[in-house]
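Read through the structure below, which is laid out as structure tokens, and then see the notes.
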Amino acid sequence: MEIKRKNQRINKVFTPLYISLALLLIGIILCPVLLKYGYLLINIIILLGLLIIFLSISVILYKRQPIDLFYTTGIVILALTIITGIITRFGILADDLSINNITKIGIGLEIVALSLSMANRIRMLRNKKEELQILALQKSEEMSDMKSYFLSNMSHELRTPLNAILGLASIMEKDSTDPRVIANCEIIKYASHGLISSVNDIIDFSKVEKGELKLEKVNFNPVNILNKLSLSAEKQCKDKGLKFSCIKSLDEDVMLLGDPVRLEQIIHNVLGNAIKFTSQGNVTMQVKSAIEQNILTLQISIKDTGIGIPKEKLGIIFSLFSQNRSDNKRKHGGFGIGLSVVKVLIDLHQGKINIDSAADTGTTCEILLTYPVQETIKTINLYPEDEHDLLGKHILVVEDNPMNQMIIQMMLEDWKNTKVSICDNGAECLKILKSDDTIDLILMDLQMPVMDGYEAISAIRNNLTGINKTTIPIIVITADTTTSTKDRVFGLGADDYMNKPVDEELMYQKVTGVLSRRRN
């Protein structure tokens, strides 16, 4: 009847009955002479219990609350059986049937009714459990979506100011001749790139949990990645008083098909760990390659003379939040998820990673990856490569953040023969395109008020700004690093895609590349 939930007052009345039954049982066990009074006392307790149950049923029905019909029927049958037995014993009814038979029939019907009630109760509990499971699954999915939204938003909110920080640092470094200013700018850039790396690891950790981490397949030159990482590692080692060396045995012009961002992330995390956990000595990166049946095998060896890893810890080094000692998180920093992300990425590549180490001796990490070799197709770039010169092109920057507007504008205006216009959202972009026929290329942000980048790209490609504007080159510049976002903007018709913080050299390559392809 769920009387505890439906009526607390009546529920409290049952308590004395439970106590009476317990006392009677204890009394009979301790003093068997009370057994001859047990039958009478039990019947009194049963009678009182039935009265309270009928009271409960009456109150529930009066309040129009739901009640189990089978249970009510069973209690009514029990009451009628007892009453029939009593009045038959006193001769009020004809004794055609013995009390024993009446009791058997009544108790039999009561058991059937209460069994049906129990089955109904089990069915209700099972349905309730299934409903709770469905609700829990929905809540889990909602939480997962909320977490994805939070991480995406966190990435955007962190990368937006980092774009300004790195952009200003790059501009100051380029414009200054003071060695101290240049050194300080380098420190700012190292710290910012370290934060970006941590943000990427956190986002990838979330993707690993959901099984959404996937590799892209684009053409890339691995030498450019290795040179970039070597330069950064050399500067970091110099700051720590370490010696860094990089030995490459790789064709400078080789082009591979794969995910350059993930390759850079793998090497960056392992190389970063080698530098982080080495306080004296040297860090060495050696890269070997071999091509067989148009497949290039990339063997990367990173060796350090750092604190090393005890043998008993090697088995769990790729686990989440794992470091050599618990105090390393405070002493050396980091979230402890870098190597776990590396392991997942290497597994996605169907590659191998092996770590050989000993405490206080150093660590050697061997990485083996394979990539299809692509035929080198050089697009004729119509713009100077030794300097930034757009030869009179007009760039429209669609960006709502004032800091990012300032940084991108400063970068573009530093290029020769380049005209720059700025607008705050997609709606302003469409308005400008309708009235200005001189726009040659658009740099489009995605998350903006009034009209976002997705809507703006769709409107342009669907001829809402004029038939002559549907093919205008569009390069997306966004802080959202998710694969779904990239797929979506390319599906809408974007020509290229860049992540914030904006690298000036990369932006020039992409802008001139898109403009050259369109001209060709």
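- By the ring pair (Phe, Tyr, Trp, His ring centres under 6.0 Å) test, Y497 is found to be paired with no residue, residues two or more places apart in sequence or in another chain being considered.
- In this structure a side-chain-to-backbone donor-acceptor pair under 3.5 Å is missing from K500 to L162.
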Q. Can you check salt bridge (Lys or Arg N to Asp or Glu O under 4.0 Å) on D347 and K343, steps first, answer last?
A. CA-CA 6 Å; D347 287 344; K343 183 65 168 64; 3.0 Å; yes

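- At distances below 3.5 Å, at least one donor-acceptor pair connects side-chain atoms of T418 with backbone N or O atoms of K416.
- Remark: the T438 side chain and the D436 side chain contain an N/O donor-acceptor pair separated by less than 3.5 Å.
- With respect to E366 and K352, no salt bridge is recorded, no charged nitrogen being found less than 4.0 Å from a carboxylate O.
- Between the side chains of Q409 and Q405, no donor-acceptor pair is found at a separation under 3.5 Å.
- In terms of modelled atom types and a separation under 3.5 Å, the side chain of S421 and the main chain of V397 share no donor-acceptor contact.
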Q: Before giving the answer on side chain to side chain contact (heavy atoms under 4.5 Å, CB included), spell out for L339 and N269 the whole-Å C-alpha distance, their side-chain angles and the decisive distance to 0.1 Å.
A: CA-CA 7 Å; L339 281 182; N269 280 359; 5.8 Å; no

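- Take I182 and apply the side chain to side chain contact (heavy atoms under 4.5 Å, CB included) test, not counting sequence neighbours, and it matches E173.
- Around atom NZ of K217, no more than 12 heavy atoms belonging to other residues, nucleotides or ligands sit under 6.0 Å away.
- Taking 4.5 Å as the limit, some side-chain heavy atom of L396 sits within range of a side-chain heavy atom of C429.
- Environment of CD in E292: sparse, with no more than 12 heavy atoms of neighbouring residues, nucleotides or ligands closer than 6.0 Å.
- Here the closest non-hydrogen pair linking D452 and L446 is CB-O, 3.0 Å.
- For residues 398-457, the pairs satisfying ring pair (Phe, Tyr, Trp, His ring centres under 6.0 Å) are H388-W415, W415-Y508, with sequence neighbours left out.
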Q: Could you walk me through whether V476 and M498 pass side chain to side chain contact (heavy atoms under 4.5 Å, CB included), step by step?
A: CA-CA 6 Å; V476 169; M498 283 183 66; over 6 Å; no

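- Taking the side chain as every heavy atom from C-beta outward, Q280 and T305 never approach each other to under 4.5 Å.
- At distances below 3.5 Å, not a single donor-acceptor pair connects side-chain atoms of D445 with backbone N or O atoms of T478.
- Using a 4.5 Å heavy-atom threshold, the side chains of D259 and L263 count as separate.
- Interatomic distance, I442 CD1 to I474 CD1, rounded to the nearest 0.5 Å: 4.5 Å.
- Applying the side-chain hydrogen bond (donor to acceptor under 3.5 Å, both in side chains) criterion to N404, with sequence neighbours excluded, gives N163.
- With rounding to the nearest 0.5 angstrom, the CD atom of Q374 is 4.5 Å from the CG atom of L257.
- Between the CG atom of L368 and the CD atom of Q299 there is a distance of 6.0 Å, given to the nearest 0.5 Å.
- At least one side-chain heavy atom of M507 sits less than 4.5 Å from a side-chain heavy atom of I477.
- Residues satisfying the side-chain hydrogen bond (donor to acceptor under 3.5 Å, both in side chains) criterion with N294, sequence neighbours excluded, are absent altogether.
- Applying the side chain to side chain contact (heavy atoms under 4.5 Å, CB included) criterion to D503, with sequence neighbours excluded, gives E505, L506.
- Taken from CG in L515 to CG in D440, the straight-line distance is 7.0 Å, to the nearest 0.5 Å.
- In the model, S170 has no side-chain atom that pairs as donor or acceptor with a side-chain atom of E504 under 3.5 Å.
- S458 contributes no side-chain N or O that, together with a main-chain N or O of L492, makes up a donor-acceptor pair within less than 3.5 Å.
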If you look only at distance, which donor and acceptor atoms sit under 3.5 Å apart when one is on a side chain in residues 126-134 and the other is two or more places apart or in another chain?
from, atom 1, to, atom 2, distance (Å)
N127, ND2, R123, O, 3.4

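- Of the possible donor and acceptor atoms, one in the side chain of N221 sits under 3.5 Å from a partner among the backbone N and O of E252.
- With hydrogens and angles disregarded, a donor-acceptor distance shorter than 3.5 Å links the side chain of S435 to the backbone of K431.
- In this structure, a donor-acceptor pair under 3.5 Å is absent between the side chains of K303 and N282.
- With sequence neighbours left out, T361 forms a side-chain hydrogen bond (donor to acceptor under 3.5 Å, both in side chains) with no residue at all.
- Ion pairing between K174 and D414 holds under the 4.0 Å rule for side-chain N and carboxylate O.
- Counting heavy atoms from C-beta outward, V223 and L250 have side chains that approach closer than 4.5 Å.
- Residues I408 and E413 fail the side-chain proximity criterion, which asks for heavy atoms closer than 4.5 Å.
- The closest side-chain heavy-atom distance from L443 to I395 is below 4.5 Å.
- Applying the salt bridge (Lys or Arg N to Asp or Glu O under 4.0 Å) criterion to K419, with sequence neighbours excluded, gives no partner residue.
- For S230, the side-chain hydrogen bond (donor to acceptor under 3.5 Å, both in side chains) criterion is met by no residue, not counting sequence neighbours.
- Remark: the N417 side chain and the D389 side chain contain an N/O donor-acceptor pair separated by less than 3.5 Å.
- Looking only at distances, a side-chain donor or acceptor of E428 sits under 3.5 Å from a matching main-chain atom of D424.
- With E399 contributing its side chain and N401 its backbone, the two residues share a donor-acceptor pair below 3.5 Å.
- One finds a salt bridge joining K469 and D437 here, because a Lys/Arg side-chain nitrogen approaches an Asp/Glu carboxylate oxygen to under 4.0 Å.
- The OG atom of S301 lies 8.0 Å from the NZ atom of K288; values are rounded to the nearest 0.5 Å.
- Side chain of T363 to backbone of D304: no donor-acceptor contact under 3.5 angstrom is found.
- For I407, the side chain to side chain contact (heavy atoms under 4.5 Å, CB included) partners at least two apart in sequence or on another chain are A164, L168, M411.
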**Q.** Criterion side chain to side chain contact (heavy atoms under 4.5 Å, CB included) on I367 and I346, from CA distance to verdict
**A.** CA-CA 8 Å; I367 299 170; I346 289 176; 4.0 Å; yes

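- Note on residues 215-259: pairs passing ring pair (Phe, Tyr, Trp, His ring centres under 6.0 Å), not counting sequence neighbours, are F220-Y371.
- The CG atom of D175 sits 7.0 Å away from atom CE of M410, with the distance rounded to the nearest 0.5 Å.
- Residues I355 and T364 form no side-chain contact, since every pair of their non-hydrogen atoms from C-beta on lies 4.5 Å or further apart.
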Q: In sequence, state the C-alpha distance, the side-chain angles, and the governing distance for L441 and I472, and then conclude on side chain to side chain contact (heavy atoms under 4.5 Å, CB included).
A: CA-CA 6 Å; L441 183 139; I472 188 168; 5.8 Å; no

